[in-house]
Amino acid sequence: MTEEKTHHPEPSYLVDTGKYKGLMAWLTSTDHKRIGLMYMYAIMVFFSVGVILGVLMRMELYWPGQQIYGPQAYNGIFTIHGIIMIFTVVIPGLAAVFGNFSLPLMIGAKDVAFPRLNLFSFYLYVLGAAIALASQFMGNGPPDTGWTFYAPYSIQTQTNVVAAVFGAFVLGFSSILTGLNFIVTMHRMRAPGMTFFKMPLFPWSLYATAWIQVLATPIVGITLLMIIAERWLRIGFFDPSLGGDPILYQHLFWIYSHPAVYIMILPAMGVITEIIPTFALRRIFGYKAIAISSLAIASVGYFVWAHHMYTSGMSTTARWVFSLLTFLVAVPSAIKVFNWVTTMYKGSISVKPPFLFALGFIFLFMIGGMTGLSLGALATNIHVHDTAYVVAHFHYIVFGGVGFAFFAAIYYWYPKMYGRMYNIKMANWSFVFLFTGFNLLYFPQFIIGMMGMPRRYFDYLPQFTFGHQLSFWGGILLVIGFVIMLITLFSKKGAKAPDNPWGGRTFEWNIPSPPPVENFDIMPELGVNEGPYDYK
Amino acid sequence: MHPETVHITPYRSHAWVLITLLTFTVITVTVTWIDLSALTVFIALLIASVKSFIVLTYFMHLKYESTLFRVFVFIVLFIYVLVILFTLADYAYR
Ligand code: HEM
Ligand SMILES: [Cu+2]
């Protein structure tokens, strides 16, 4: 590449050039970069609300018995906490924010394939989230079913389940349309010379994710509508007293919601796969294995859903078959971990904030994955199902994994997004607090879970007190870390960022920071012997 | 990028598709009056499958598109069938 950069007269995408100015210019923009940022702001807001709800739960659990509010309020809080965190934070999460912001840049496209549909997805997202939140304030009080809406309770409870379920339904549509958009984008808009097997690995992970979004989400959509139909029209799908089968609900729910955990984690793995070669200055080890393992996770991941149902009363045969399949899906996940570690081996590593968070991801994801396996084993699962052990497992993966990858991605692409740097020292401090806080919050949950602390309980026996109190203080450290991060990123303007602050090799680092509206004024190309990660 | 080959479906085949779909709708409604006991749901699903096949082939242009799309649809159906089989297997063995 030549050193001489012609400096672009074109304005950056952050400057309003269209018909509108200010907020309206953002709300009507079909620019993938702006839509990505709007998702990011929305997700940060929902995340903050979810965190506050989480802290409220930890406060109530500080001592056994009632502290600040009663059991019904507790049920309502863990339900909306789960709905917000799952449906509006981690499921759209990385795909909506960085899929939008970075994907077209990384494959050398000017935008996604359907920019207007993209904006429409964003509005569906906002609408769905608003409906879900409205469930708190209308009807007979906040829903108290948990985010899983298990029948028959979700049919029988008097609380406002319909609004929450309908909100999740609308959010699902947003997810489907985003997935569709990304699939078409990757098939039709890759730069010349970029074959599928030369595509960077974050796009690859989004490709696998997008297929899950398109194929699995409709199933939960229908299932949620069935709940509404059953509540309003008394059609007996799930409630035995109406002639339905509650286990059918669990099947339908997890047919979506297990693959949904891959909607969350695959893009996170993709981000880590971008960050590690950049900061180790090494070409990624086992490119094809990583690309294909994404697809393998996506496809095998369809057939493990019933590991959530071992104690539901389904058939014994189904239980061991699903246990076996669950063990299979761990293999492609492990392949990725080996490849990341091998990539770092003998690299020239510079420990910058994105890399720190990537390391944090690997550590926490390993703990989450290993405990997932112990949960996937039929025999152990029976003992720890519906205990705090499960809570610890999925928080290690969803927060320790997806959450930390999200933070890593923000620290990685922030200079590209805003054309500004942030304070590296502050960013490192945010990592220290988030990481220690996280482990202090969730590790004790493994232990009290094994001791028998049930999940979703308002009260507990005295022997669990110490564990809950550690968790509370961990939560406080975590919040401090999150606040430090927000201050680092958004409080004041940092120094101007160069086009390529980290020495990355993918296309987005060859264009100005922040990128111009049309991304590339010369179409980027990959030569026959070039790959996405040509370090050495 | 290579130029797109555009296929324009003549009105006549659209009309035929419409008539076929309407006919099948009438059949769907009619069979509900006949008592087929266990086969009722099966027949309804069968008719619905034929209808969606026609919609996919003509209205959604699968007939004229590249093989890639057909492969996609095939994989999707395959996963779908497997998912249903797994679920039903639980019932069979319970
Ligand atoms: C090595 C891979 C994994 C295995 C073997 C595994 C296994 C399991 C099992 C068996 C359960 C059910 C526990 C029970 O309720 O008794 C479970 C729960 C859960 N897992 Fe995983 N898991 C894995 C990875 C993931 C990933 C990648 C995510 C998300 C990104 C995730 C999110 C969850 C969630 C949210 C729950 C709790 C669902 C609920 O509310 O009941 N897991 N996992
Ligand atoms: Cu699962």
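Every chain is numbered from 1, with letters handed out A, B, ... down the list of sequences. Treat the numbers as computed from the prediction; the structure is a model and nothing was measured.
The 12-atom threshold is not exceeded at CD1 of A/Ile522, counting heavy atoms of other residues, nucleotides or ligands nearer than 6.0 Å. When the shell of 6.0 Å around OH of B/Tyr58 is examined, it contains 12 or fewer heavy atoms from other residues, nucleotides or ligands. Atom CZ of B/Phe53 has 12 or fewer heavy atoms from other residues, nucleotides or ligands within 6.0 Å. Under a cut-off of 6.0 angstrom, the local environment of CZ in B/Phe74 is sparse, with at most 12 non-hydrogen atoms contributed by other residues, nucleotides or ligands. Environment of CD1 in A/Ile222: sparse, with no more than 12 heavy atoms of neighbouring residues, nucleotides or ligands closer than 6.0 Å. The environment of OH in B/Tyr93 is sparse: at most 12 heavy-atom neighbours from other residues, nucleotides or ligands sit within 6.0 Å. Within 6.0 Å of CZ in A/Phe520 there are more than 12 heavy atoms belonging to other residues, nucleotides or ligands.
When every heavy atom of B/Asp90 is checked against every heavy atom of A/Ser315, the shortest pair comes out as OD1-N, 2.7 Å. In plain terms, the two heavy atoms of A/Trp305 and B/Val83 that are nearest each other are CH2-O, 3.7 Å. Heavy-atom minimum distance, A/Ile247 versus B/Tyr91: C-OH, 4.4 Å. When all heavy atoms are compared, the tightest approach of B/Arg94 to A/Gly313 is CD-O, 3.7 Å. Nearest heavy atoms, A/Trp211 versus B/Val76: CZ3-CG2, 4.2 Å.
In this structure, CZ in A/Phe303 is found 9.5 Å from CG in B/Leu85, a value given to the nearest 0.5 Å. If you take CG on A/Leu215 and CD1 on B/Ile79, they are separated by 5.5 Å, rounding to the nearest 0.5 Å.
Proximity to chain B (any heavy atom under 4.5 Å) is restricted, for A/Val321, to the side chain, taken from C-beta onward. If you measure heavy-atom distances from A/Leu248 to chain B, the contacts under 4.5 Å come from both the backbone and the side chain. Contact annotation for B/Tyr80: neither backbone nor side-chain heavy atoms come within less than 4.5 Å of a heavy atom of chain A. Only the side chain of B/Leu68 has a heavy atom closer than 4.5 Å to any heavy atom of chain A.
The shortest side-chain heavy-atom distance between A/Leu325 and B/Phe86 falls under the 4.5 Å cut-off.
Ring geometry for B/Phe72 against A/His187 counts as perpendicular: the plane angle is over 60°, on a 0 to 90° scale with 30° as the lower cut.
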